[in-house]
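Computed from a predicted model, the values in this text were never measured in an experiment. Atoms considered below: every heavy atom in the structure, side chains included; atoms not considered: hydrogens, waters and symmetry mates.
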Number of protein chains: 2
Amino acid sequence: MRRNLRPHTPMLRLTKKADYGLMALKYLAEQAYLAEQAGSDARNSGARSAKDIAEAYHIPPQLLAKILQTLARAGLLLSHAGTNGGYALARAAADISAFEVIRAIDGPLFITSCITIHGTCDLAGHCTIKEPLRKVNDSITDLLSGISVADLIEPADQLPAPMAGGLISIER
Amino acid sequence: MRRNLRPHTPMLRLTKKADYGLMALKYLAEQAYLAEQAGSDARNSGARSAKDIAEAYHIPPQLLAKILQTLARAGLLLSHAGTNGGYALARAAADISAFEVIRAIDGPLFITSCITIHGTCDLAGHCTIKEPLRKVNDSITDLLSGISVADLIEPADQLPAPMAGGLISIER
DNA sequence: CAATCTCCGACCACTTTGGTCTTGCTTCCA
DNA sequence: TGGAAGCAAGACCAAAGTGGTCGGAGATTG
Ligand code: FES
Ligand code: FES
């Protein structure tokens with residue numbers, strides 16, 4: 001009867017912004033690939049406006065614009081203002097890892113709520129949990145670092161072997 | 001100059017509640033081990049009240065109580081009301097994985113903000129991001145599943161080989 | 001019966017997230 | 001030489017999630 005139908009209860013989730021960012025990167029990577037194939041001029045190869053990308057994925061244009069600005073500030077994208085401006089990848093798609101994108105948008109990710117930058121938690125001393133958890137954190141970082149936006153453009157295919165280290169060990 | 005000193009900007013973090021839950025489990029595991037060593041009676045072996053645990057780690061007692069209740073409801077803990085009551089592990093420490101604890105407290109964890117329960121996202125169709133990301137998600141799940149609360153009690157030592165599969169591959 | 005302890009839901013303050021709007025600036029081109 | 005198209009950078013806001021508190025009800029022991 002009550003509307004307590006468990007709204008979502010998600011956790012350890014990626015923010016929607018990071019999701020949008022990844023989508024945009026993927027889109028740009030595809031465009032860059034197509035432009036290169038078509039042999040168009042080096043300039044404006046695959047550059048697309050924020051509005052175009054937003055429309056392609058039906059995401060709020062203004063929000064995407066802000067995300068793209070963040071990415072540009074982080075050095076992952078090149079922006080070009082003006083009439084035929086837009087955004088383009090700053091590097092090759094294979095050289096941009098998902099980890100960089102997520103960190104640029106959501107900030108440094110740490111799985112434990114205590115580890116700040118140098119492990120000095122206010123609970124240090126009476127909590128020995130953080131050390132094993134940090135290993136998990138590092139593993140996730142490695143995992144995300146091993147995935148490039150180039151790996152995202154072919155969803156149906158498996159990721160054969162284009163990644164640096166496919167295997168991640170728990171003990172770092 | 002500006003006070004934009006980046007308050008925390010954390011992401012992909014574990015909730016503090018899950019952290020507390022893990023700490024409590026670790027504590028209970030230690031107590032159970034000690035009780036077993038001392039050869040005390042089988043009953044009340046390692047059972048501790050919520051207040052005791054809260055004091056041991058300096059965490060808000062009422063909050064910890066609620067977390068323990070959640071854990072008990074999930075079947076990870078046994079609760080015993082009454083004068084000398086308290087909580088005890090429902091299973092052996094080695095049989096309780098960190099993944100179970102986290103899921104019991106924070107709900108099902110999905111790294112993408114779209115995957116709900118059966119992948120049908122409102123953006124499905126014009127977003128091919130979720131498939132690679134789901135692999136990451138599965139890898140994290142496996143990673144967490146391979147860590148038991150027994151692995152937490154010895155932080156200094158490495159985790160030698162007590163886990164099911166120490167190596168996690170990106171392609172599941 | 002009384003003390004102790006778990007159980008359960010309501011409640012609150014605060015932070016984060018997703019999203020909009022406004023204002024300004026740069027580049028291109030008609 | 002203007003616009004128009006596009007980025008840049010804020011303030012701003014509503015909704016949701018998080019951390020934490022409170023108070024009563026029920027169980028267990030002595
Ligand atoms: S919560 Fe900070 S060390 Fe465990
Ligand atoms: S955000 Fe749902 S499929 Fe990409």
With a 4.0 Å cutoff (strictly under), does any side-chain N or O of [X] reach OP1 or OP2 of [N]?
| X | N | result |
| --- | --- | --- |
| A:His80 | C:dC28 | yes |
| B:Tyr20 | D:dG20 | yes |
| A:Ser49 | D:dA5 | no |

Distance check needed: [N] [atom2] versus [X] [atom1], whole Å only.
| X | N | atom1 | atom2 | value |
| --- | --- | --- | --- | --- |
| A:Lys16 | D:dA15 | NZ | P | 15 Å |
| A:Lys17 | C:dT20 | NZ | C1' | 12 Å |
| B:Asp52 | C:dT6 | CG | C1' | 13 Å |
| A:Gln62 | C:dT22 | CD | P | 9 Å |
| A:Asp19 | C:dT17 | CG | P | 14 Å |
| A:Asp106 | C:dT16 | CG | P | 12 Å |
| A:Met23 | C:dG18 | CE | P | 11 Å |
| B:Asn84 | D:dG30 | CG | P | 6 Å |

Who passes side chain to side chain contact (heavy atoms under 4.5 Å, CB included) against B:Pro60, sequence neighbours left out?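 Here the qualifying residues are B:Tyr20, B:Leu63.
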Any residue meeting side chain to side chain contact (heavy atoms under 4.5 Å, CB included) with A:Ala93, in chain and number order, not counting sequence neighbours: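 Once residues adjacent in sequence are excluded, the partners of A:Ala93 under the side chain to side chain contact (heavy atoms under 4.5 Å, CB included) criterion are A:Ala29, A:Leu89, A:Val149, A:Ala150.
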Sub-4.0 Å heavy-atom contacts from residues 64-73 of chain A onto DNA chain C, ordered by number: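 By residue number: A:Lys66.
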A:Ser79 or B:Pro61: which one's nearest nucleotide on DNA chain D is closer to the 5' end?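 First, find each residue's nearest nucleotide; the 5'-ward one identifies A:Ser79.
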Closest nucleotide of DNA chain D for A:Ala81 versus for B:Ala18: which of these residues is on the 5' side?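 Here A:Ala81 is the residue nearer the 5' end.
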When you get a sec, tell me which of D:dA8, C:dG18, C:dT27 is the closest nucleotide to the side chain of A:Thr83?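 Nearest listed nucleotide: C:dT27.
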Among D:dT21, D:dC7, C:dC7, find the nucleotide with the atom closest to the side chain of A:Tyr87.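 Comparing D:dT21, D:dC7, C:dC7 against the side chain of A:Tyr87, the answer is D:dC7.
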Among pairs that include at least one residue of residues 89-101 of chain B, which meet salt bridge (charged side-chain N to carboxylate O under 4.0 Å, His left out), considering only residues two or more places apart or in two chains?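 Listed by first then second residue: B:Arg91-B:Glu100.
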With salt bridge (charged side-chain N to carboxylate O under 4.0 Å, His left out) as the rule and sequence neighbours excluded, what pairs involving residues 70-80 of chain A come up?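 Passing the test, one end in residues 70-80 of chain A: no pairs.
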Might you point out which heavy atoms bring A:Gly21 and A:Val101 nearest each other, and give the distance in Å?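 That would be C-CG1, 4.3 Å.
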Are the side chain of B:Asp151 and the backbone of B:Ser148 linked by a donor-acceptor contact shorter than 3.5 Å?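 Yes.
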Those residues that, when tested against A:Glu30, pass side-chain hydrogen bond (donor to acceptor under 3.5 Å, both in side chains) (two or more places apart):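 In terms of side-chain hydrogen bond (donor to acceptor under 3.5 Å, both in side chains), with neighbours along the sequence ignored, A:Glu30 is linked to A:Lys26.
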